Amino acid sequence: MINEKIRNNDIMEMYQKSENILSDIQNIIETSQQKAYHTVDIILSQRNWLIGYRIAAEEIDGLDRAEYGANIIKRLSKELTAKYGKGYDRSNLYHYLRFYKEFPQIVDTVRRQSHICLSWSHYRALLQVADPAARSWYEKEAYEQTWSVRTLQRNINTQYYYRMLQSQRKELVEQEMIAKTSDFQNDRLEFIKNPVIAEFLGLSFNTDFTETELESSIISNIQKFLMELGKGYAFVARQQHIKTEKEDYFIDLVFYNYI
């Protein structure tokens, strides 16, 4: 059972004392942060699945399901966004609905027993995969191999599943993948870079921690330089949040020249 496995990964049981107090405390802090992130992201996946389930149930009651469903999502988006923020726009609500339809088995709707084992960011990446067999394989591998979201996204983009199917030497394909995703897997701060989590917790976006002091200083100077170029330049935003089908990005500086 997934839930049993999560319970067994309690930080109290995982702690082991060494001779280095600094290393021990750093490990406690980082393990706690990772555990907290994992717990929040699992709840986020459960929430999104249930939202999709409820919208799908409402669709069934409509005579013209396509039009009725579109009207439901439009109305919900307006009301939920006004109360809770951007996480409930029409694009996200359609994602939640598709999440339920593509993964109906991960929650037993009779006993409400969740078998969700990946984060919402993982599932959102999996929704890009049209082939059910490939999607199921990526889901299984992402869980068993503890792939980060960036590792999963890269493997989907590079057709890793199909290359493994066709390869006569699968170990070479796997070794190459591991080498090329090692930086993704070792990024211990990935969990605090996810704006979806901040939004879910009702926190404002803060992307300063994604920039080094040097990069931040350079951007500040570029901003000042561009504003001094002459007439017509208007500063729009710094670290502008852009959301796409696959990932969330931040544009360092956004300017507009009205001339």
Side-chain angles (χ1 to χ4, degrees), residues 36-109 112 114-130 132 135 138-139 142 149-150 152-153 156-157 190-207 210 236-251 254 256:
Y37 167 77
H38 180 72
T39 301
V40 170
D41 223 351
I42 291 297
I43 294 173
L44 179 61
S45 295
Q46 293 172 337
R47 182 206 71 176
N48 295 346
W49 189 94
L50 284 169
I51 290 174
Y53 162 74
R54 185 61 184 86
I55 294 173
E58 191 74 9
E59 275 188 331
I60 294 173
D61 295 332
L63 296 178
D64 183 341
R65 295 183 184 179
E67 183 178 351
Y68 185 69
N71 288 334
I72 291 171
I73 288 179
K74 183 178 179 180
R75 175 172 56 83
L76 286 174
S77 173
K78 182 178 180 180
E79 295 180 3
L80 293 174
T81 299
K83 185 169 184 177
Y84 299 109
K86 297 179 180 178
Y88 302 92
D89 58 23
R90 278 187 281 183
S91 174
N92 279 324
L93 292 180
Y94 275 115
H95 273 107
Y96 304 157
L97 177 59
R98 188 169 170 229
F99 179 35
Y100 161 71
K101 290 182 176 180
E102 297 291 354
F103 296 92
Q105 75 285 354
I106 61 177
V107 173
D108 184 332
T109 57
R112 284 285 182 261
S114 171
H115 297 281
I116 290 175
C117 57
L118 294 172
S119 74
W120 167 241
S121 300
H122 283 90
Y123 282 114
R124 184 163 175 172
L126 288 169
L127 287 175
Q128 301 163 30
V129 183
R135 186 169 59 239
Y138 282 124
E139 181 186 16
V149 176
R150 294 173 69 192
L152 172 61
Q153 186 66 66
I156 291 173
N157 291 345
E190 183 185 40
F191 70 98
I192 65 171
K193 298 177 182 178
N194 191 341
V196 176
I197 298 301
E199 187 176 80
F200 174 61
L201 295 175
L203 305 174
S204 60
F205 288 126
N206 180 358
T207 56
T210 65
V236 177
R238 179 166 175 169
Q239 289 295 310
Q240 175 71 50
H241 181 212
I242 301 295
K243 181 161 53 180
T244 70
E245 179 74 17
K246 296 182 178 181
E247 293 186 54
D248 288 78
Y249 298 92
F250 291 91
I251 299 177
V254 180
Y256 179 73

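Values in this document were obtained by computation on a predicted structure and should not be read as measured data. One is the number of the first residue; the rest follow in order along the sequence.
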Practice problem: Specify whether Phe103 and Tyr123 have parallel, tilted or perpendicular ring planes, treating 30° as the upper limit for parallel and 60° as the lower limit for perpendicular. | Solution: perpendicular
Self-check item: Reported CD-to-CG distance for the pair Glu139 and Leu118, which is rounded to 0.5 angstrom
Solution: 6.0 Å
Self-check item: Reported CD-to-CG distance for the pair Gln128 and Leu126, which is rounded to 0.5 angstrom
Solution: 8.5 Å
Quiz item: Checking side-chain contact (heavy atoms from CB on, under 4.5 Å) for the pair Leu76/Ile51: CA distance, chi angles, key distance, verdict?
Solution: CA-CA 11 Å; Leu76 286 174; Ile51 290 174; over 6 Å; no
Exercise. To the nearest 0.5 angstrom, please state how far the OH atom of Tyr96 sits from the CG atom of Leu50.
Key: 12.5 Å
Exercise. Taking Trp120 for its side chain and Arg47 for its backbone only, find out whether a donor-acceptor pair lies under 3.5 Å.
Key: no
Practice problem: Could you tell me which residues satisfy ring-ring contact (aromatic ring centres under 6.0 Å, His included) with Tyr138, sequence neighbours excluded, listed by chain and number? | Solution: none
Self-check item: Distance (rounded to the nearest 0.5 Å) between Trp49 CH2 and Arg54 CZ
Solution: 13.0 Å
Self-check item: Qualifying residues under salt bridge (charged side-chain N to carboxylate O under 4.0 Å, His left out), relative to Lys78, sequence neighbours excluded
Solution: none
Quiz item: Distance from Leu152 atom CG to Asn157 atom CG, nearest 0.5 Å?
Solution: 9.0 Å
Practice problem: List the atom of Ala125, the atom of Ile156, and the distance in Å for their closest heavy-atom pair. | Solution: O-CD1, 3.5 Å
Quiz item: When you look at Ile42 and Gln46, which way does the side-chain contact (heavy atoms from CB on, under 4.5 Å) test go after all the steps?
Solution: CA-CA 6 Å; Ile42 291 297; Gln46 293 172 337; 4.0 Å; yes
Exercise. To the nearest 0.5 angstrom, please state how far the NE2 atom of His122 sits from the CD atom of Gln153.
Key: 10.5 Å
Self-check item: Residues in salt bridge (charged side-chain N to carboxylate O under 4.0 Å, His left out) contact with Glu102, at least two apart in sequence or another chain
Solution: Arg98, Arg135
Quiz item: Angle class for the Tyr88/Tyr84 ring planes (parallel below 30°, perpendicular above 60°, tilted otherwise)?
Solution: tilted
Quiz item: What are the two closest heavy atoms between Lys74 and Arg90, and how far apart are they?
Solution: CA-CD, 3.9 Å
Practice problem: Answer yes or no: is there a donor N or O on one side and an acceptor on the other, between the side chain of Asn92 and the main chain of Gly87, under 3.5 Å? | Solution: yes
Quiz item: What is the minimum heavy-atom distance between Ser119 and Ser45, and which atoms define it?
Solution: C-OG, 3.2 Å
